[in-house]
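One structure is given below, encoded as structure tokens.
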Protein chains: 2
Amino acid sequence: MNFDKQIQERPECTVERALAVIDGKWTTLILRDLLAGTRRFGELRTSLTGISPKTLTDRLRDLERQGVVTRVVFPEIPPRVEYTLTDKGRALGNVVYALAEWGAEWT
Amino acid sequence: MNFDKQIQERPECTVERALAVIDGKWTTLILRDLLAGTRRFGELRTSLTGISPKTLTDRLRDLERQGVVTRVVFPEIPPRVEYTLTDKGRALGNVVYALAEWGAEWT
DNA sequence: CGGAATCCCCCATGATACTG
DNA sequence: CAGTATCATGGGGGATTCCG
């Protein structure tokens, strides 16, 4: 149970560690969008059809905390907030591209 | 809600389609193991620390139904069942390798 | 516009016991 | 050994409302 997971905070397997970062139903799709360039909150919300604002915020905060995206707030009215991938986030491009290629060939 | 998802059974995005296949908390780790070669049920159960037999069965059945793994039963006593990746499953190696490389460099 | 605050719920997963 | 059967659960995600 949870005890087992907590005593191995840093599993040896690099795949497991990577999965812990891009976990979540929407996370990889957020990365897909941001790999195309900086996006505003509303742009992501529109592109990710069906996502709730709560979930989008939750996922973006997680990614931010893990150093995958940066969040820049522009003190304007109406407010503007932009999300951009960090180097760490851009490096995940290989994963997303691999998924896209496989999906194109096999699904 | 679900209605929206059902009217687009085959989303255009290849990333989404790929994610639909490797969905689940354990699925990618199962693929990681099978990429190293054929494995028996018990071997997978041991390697995937913490997984319940029910969940392992569920995930393997899903992967089988989607043509990612093949299940071979040997009519012996005690029974032996081996799981092997199909071509479609082996093609997912690129995804797993991309995850492993990213995990090694950034986590 | 970009959230925060609440409340709620489903379903993948877990725990456990049993069997051919 | 490789599952099935059953029941319990919890937390990620959804729906809605409100705010600066």
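Chain letters run A, B, ... following the sequence lines, proteins first, then strands; residues in each count from 1.
Rounded to an integer number of Å, the gap from B/Ile30 CD1 to C/dT13 C1' is 12 Å. To the nearest angstrom, P of D/dG14 lies 7 Å from CD1 of A/Ile51. Atom-to-atom, CD1 of A/Ile77 to P of D/dG20 comes out at 13 Å; the value is rounded to the nearest Å. In this structure, the CZ atom of B/Arg80 is 13 Å from the P atom of D/dG3, given to the nearest Å. A/Leu56 has its CG atom 14 Å from the C1' atom of D/dG12, to the nearest Å. Note: NZ (A/Lys54) to P (D/dT17) measures 17 Å, nearest angstrom. Look at CG on A/Asp58: it is 11 Å from P on C/dA5, rounded to the nearest Å. The interatomic distance linking B/Asp62 (CG) with C/dC11 (C1') rounds to 13 Å, in whole Å.
Residues B/Arg80 and B/Glu82 are paired through a salt bridge, judged by an N-O separation under 4.0 Å between the basic side chain and the carboxylate. Under 4.0 Å is where a charged nitrogen must lie from a carboxylate oxygen, and between B/Asp62 and B/Arg59 at least one such pair does.
Comparing A/Asp23 and B/Tyr83, the nucleotide of DNA chain D nearest to each residue sits closer to the 5' end for B/Tyr83. Nearer the 5' end of DNA chain D, as judged by each residue's closest nucleotide, is the contact made by A/Ser52, out of A/Pro79 and A/Ser52.
Among the heavy atoms of the strands lying under 4.0 Å from B/Arg45 is at least one base atom, whether or not backbone atoms are also near.
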_Set out, in order, the CA-CA distance, both residues' side-chain angles and the distance that settles side-chain hydrogen bond (donor to acceptor under 3.5 Å, both in side chains) for B/Thr86 and B/Thr70, then state yes or no._
CA-CA 6 Å; B/Thr86 62; B/Thr70 57; over 6 Å; no
*Begin with the C-alpha distance, continue with both residues' side-chain angles, and end with the deciding distance and a verdict on side-chain contact (heavy atoms from CB on, under 4.5 Å) for B/Val81 and B/Arg71.*
CA-CA 7 Å; B/Val81 179; B/Arg71 176 174 181 268; 3.8 Å; yes
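Among residue pairs with one or both ends in residues 88-107 of chain B, those qualifying as salt bridge (Lys or Arg N to Asp or Glu O under 4.0 Å) are B/Asp87-B/Arg90; sequence neighbours excluded.
A heavy-atom distance below 4.5 Å is found between the side chains of A/Phe41 and A/Leu60. Within the 4.5 Å cutoff, the side chain of A/Asp23 has no heavy atoms near those of the A/Thr27 side chain.
Candidate nucleotides C/dG14, D/dA2, C/dG2 were compared by shortest atom distance to the side chain of B/Arg40, and D/dA2 ranks first. Of the listed nucleotides (C/dG2, C/dT6, C/dG14), C/dG2 has the atom at the smallest distance from the side chain of A/Phe41. Closest approach to the A/Thr57 side chain among D/dA2, C/dA4, C/dT16 is made by C/dA4 (side chain taken as heavy atoms from C-beta onward).
An end-to-end axis angle of 60° holds for the helix from C/dC1-D/dG20 to C/dG20-D/dC1, taken from five base pairs per end and rounded to 10°.
At a cut-off of 3.5 angstrom, the base of D/dG12 holds no donor-acceptor pair with the side chain of A/Lys25.
Contact annotation: B/Arg61 reaches the phosphate of D/dT4 (side-chain N/O to OP1 or OP2, under 4.0 Å). Side-chain nitrogen and oxygen atoms of A/Arg59 include none within less than 4.0 Å of the OP1 or OP2 phosphate oxygen of D/dG12.
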